[in-house]
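Written out below as structure tokens is the structure these notes cover.
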Amino acid sequence: MSTAIQAIRGMNDILPEHAALWEFFEDTVRDWLKSYGYKCIRMPIVEQTGLFKRAIGEVTDIVEKEMYTFTDALNGESLTLRPEGTASCVRAVLQHNLLYNAPQRLWYMGPMFRHERPQKGRYRQFHQVGVESLGFAGPDIDAEQIIMTSRLWKRLGIQDVALEINTLGSSEDRARHRARLVHYLEQHLDLLDEDSKRRLHTNPLRVLDSKNPALQALIEAAPKLLDDLDEDSLLHFEKLQEMLRDAGIEYRINPRLVRGLDYYNFTVFEWVTTRLGAQGTVCAGGRYDGLIAQIGGKPAPACGFAMGVERLLALLEEQQFVAPEISADAYVVHQGEAASRFAFNVAETLREQGLHAILHCGGGSFKSQMKKADSSGARFAVIIGDDEAGAEQVTLKPLREMGDQARMTVAEAGDVLGGKAV
Ligand code: ATP
Ligand code: MG
């Protein structure tokens, strides 16, 4: 029986066979973010537990049951693996006073950790691309964020995602609505499950977010926040919709869209697909004007969203998407003492010209080396025997298309391979 150690459940190795897909995604995302003027920020993966409790809210699925929290054995501090990036990003912005003279358009990409039941599209370590605009009151920036996600789908070739939007109003609207909602839910106490009963007074809006099928009819008939909005809130929502219509973006207003985190207000949105089963939300976000003050900063408006990378990649695979191959320009084979020393030199010269070269390591016959050259996917084999080495030349052989092999200088080989002049 093997006792080899395995990865932790719900935490995946991303193997080289998926490298091309991940790199295509990451490259596209970086370029897309630049085209909208967003700058990259990188935060630590571990933060003080208190940050997430304060930012996300004590009465949420994440804080109640999904966080990886542990005590630092050296100083007794309570630390947590980040379950999302917004709290850390805002913490970093405040700590470094980045909002001092200008608003900020920021993004980050990386692993997040949540202790959930692993299933397709739901993991314990997963990746998000997060985008945050801090210091903008909207609704123009809300619209920008939605319009830019729609452009990303185009660039990635993602189909079958639909936009749902809603507004959560201001905190005053919510207080009014909350009173009406509590009154309604209290009249149906016998129908509520344990979670909902607990949330009825701590966080009644979250009852509407319940996934329990038995509660859906009750949720459907509950008072609607839209009916409790004041004029300013309605105007923000109207303006946003006008900008989306101008940009030709289709959307559906989903009055039940409340989002899982406590810190949202006004605009909330999700991009959903029906092609991934139950885990259909690929991107979610909205406005969170209260958060900065909530974690101790000078009040400032903010808006952001996060995409689930694994879900987007699953969608691409589901559409039979084939990522551009990552293959080397040359695989350098060599035999003999002088040839091997020259081969190192040749491979470095090719790399100097910006080419991708794999140098054969580990010896073996020319025949076995050529097999490796072929299976590496490289476009050409660069063949060096003592003969070539003595003349400071190489033999170049195309591997992916027809054509004869030919002997030439290293500079000529660089030209044929498309290297740039140095
Ligand atoms: P869900 O309702 O699916 O649990 P959420 O509301 O908890 O999602 P957010 O906190 O808004 O999700 O995170 C943004 C995005 O990150 C989600 O829309 C999803 O694409 C992705 N995501 C969230 N949790 C996971 C997970 N455990 N595994 C993979 N992707 C995830
Ligand atoms: Mg969740």
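Positions are given from 1 along the sequence. Atoms considered below: every heavy atom in the structure, side chains included; atoms not considered: hydrogens, waters and symmetry mates. First listed ligand is number 1; within each ligand, the first listed atom is number 1.
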Practice task
Report yes if some heavy atom in the side chain of Ile146 is under 4.5 Å from a heavy atom in the side chain of Trp271; otherwise report no.
Solution key: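 In short, these two side chains touch, coming nearer than 4.5 Å.
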
Exercise for the section: Could you tell me whether the side chain of Phe380 reaches within less than 4.5 Å of the side chain of Asp329, counting heavy atoms only? Expected result: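 Counting from C-beta outward, Asp329 and Phe380 never come under 4.5 Å.
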
Applying a strict 4.0 Å limit to heavy atoms, is [X] in contact with ligand 1?
X	answer
Gln128	yes
Arg114	yes
His127	no

Practice task
Just go through Gln279, Arg122, Glu116 and tell me whose heavy atom is the nearest to atom 3 (O) of ligand 1.
Solution key: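 Among Gln279, Arg122, Glu116, the closest heavy atom to atom 3 (O) of ligand 1 belongs to Arg122.
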
I'd like to check which ligand 1 atoms, numbered from 1 as shown, lie under 4.0 Å from a non-hydrogen atom of [X].
X	result
Lys211	2 (O)
Val282	20 (O)
Ala284	11 (O)

Exercise for the section: Have a look at ligand 1 and work out which part of Asp61, if any, has a heavy atom under 4.0 Å from it: side chain, backbone, both or neither. Expected result: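 Neither part.
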
Handout entry: Phe266 six-ring centre to Arg287 NZ/CZ under 6.0 Å and within 45° of normal
Key =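 That pair does not qualify as a cation-pi contact.
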
Exercise for the section: Going by the side chain to side chain contact (heavy atoms under 4.5 Å, CB included) test, name the single residue among Val394, Ile358, Ile383, Ile384 that passes it with Val332. Expected result: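 One option only clears the test, and that one is Ile384.
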
Exercise for the section: Could you tell me if the ring centre of Phe321 sits under 6.0 Å from that of Phe24? Expected result: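 Between Phe321 and Phe24, the centre distance is under 6.0 Å.
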
Practice task
Have a look at Arg91 and tell me which of Glu47, His96, Gln48 forms a side chain to side chain donor-acceptor pair (under 3.5 Å) with it.
Solution key: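 That would be Glu47.
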
